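Below is one structure, written out as structure tokens; comments come after it.
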Amino acid sequence: DAGVTQSPTHLIKTRGQQVTLRCSPKSGHDTVSWYQQALGQGPQFIFQYYEEEERQRGNFPDRFSGHQFPNYSSELNVNALLLGDSALYLCASSSAGTPPNEKLFFGSGTQLSVL
Amino acid sequence: GENVEQHPSTLSVQEGDSAVIKCTYSDSASNYFPWYKQELGKGPQLIIDIRSNVGEKKDQRIAVTLNKTAKHFSLHITETQPEDSAVYFCAASRADGDSGYSTLTFGKGTMLLVSP
């Protein structure tokens, strides 16, 4: 079982650019959540996708958008990057058979640096 | 919204000692409390969780206790080993009244260092 896989592992961008991060959920999982983890902080919920639709959203601006594909994989897009967007972006998957946000399996994340 | 406070921010113990990490939450409607362990360069890994209808849960060397009245919950690790060294996060979740969907709020983490 491959678990949750994320790509790329590291990314360097400049202010104003756009970035796309990718996630493949654990086998058998159909719900994908994205979190932002700033250095020394706990993960913060960005949004959650289920059945190719955004089901829940945290307190993040519209610059953050996402997509889920029929194979349950997901993308996180961030437009007009700011220095403050530098963080570890984590993808977590779960099964629709469990309540949302319970029994989450996290990937190792994408470290985004905005210069 | 929910606010989760976690203490201490760092904890150093000797191998074999016990370690306790404490969290408080603000939303009395929260009903699910997981603990995650994050090793360097990895994503958080669920190690134990508890629901609000249970006061205590144990899994080998790890236990979690919940006090709903005081709105705090704690992680207890006994017989600590060097491989327990990591950052531990508590979190709280509640179901959204309108949609039924829950949101998960994390604490800021505790760095546990177990010395041989």
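All of these numbers come straight from a predicted model, not from anything done at the bench. Per chain, numbering begins at 1; letters A, B, ... match sequence-line order.
When hydrophobic clusters are built by joining Ile, Leu, Val, Met, Phe, Trp and Tyr residues whose side-chain heavy atoms come closer than 4.5 Å, directly or via intermediates, A/Phe60 is grouped together with A/Val114. A continuous path of hydrophobic side-chain contacts links B/Leu75 to B/Ile50 [ILVMFWY only; heavy atoms under 4.5 Å]. Connection of B/Val114 to B/Ile48 is established within a shared hydrophobic cluster, with ILVMFWY side chains joined at heavy-atom distances below 4.5 Å, either directly or through further cluster members. If you chain together hydrophobic residues whose side chains sit under 4.5 Å apart, A/Tyr89 and A/Phe47 fall into the same group. No continuous path of ILVMFWY side-chain contacts below 4.5 Å connects A/Tyr72 to A/Leu104, so the two sit in separate hydrophobic clusters.
Using a 4.5 Å heavy-atom cutoff, the side chains of A/Tyr35 and B/Leu104 are in contact. Side-chain contact between A/Phe106 and B/Leu46 is absent, with no heavy-atom pair separated by less than 4.5 Å. Contact check for B/Thr105 versus A/Gln44: no side-chain heavy atoms found under the 4.5 Å cut-off. Side-chain atoms of B/Phe89 and A/Gln41, non-hydrogen and from C-beta on, never get closer than 4.5 Å to each other.
Taking a 6.0 Å sphere around CD of A/Gln17, one finds it holds more than 12 heavy atoms contributed by other residues, nucleotides or ligands. Counted within 6.0 Å of CG on B/Leu40, heavy atoms from surrounding residues, nucleotides or ligands total 12 or fewer; the atom is thus considered open.
Smallest separation of non-hydrogen atoms from B/Phe106 and A/Pro43: CD1-O, 3.4 Å. Shortest non-hydrogen contact noted between A/Leu90 and B/Pro44 is CD1-CD, 3.7 Å. A pairwise comparison of heavy atoms in B/Tyr32 and A/Lys103 identifies OH-N, 3.4 Å as the closest pair.
Among the candidates B/Gln6, B/Gln45, B/Gln38, the residue making the largest number of heavy-atom pairs closer than 4.5 Å to chain A is B/Gln38.
Using a 4.5 Å cut-off between heavy atoms, B/Pro34 does not touch chain A at all.
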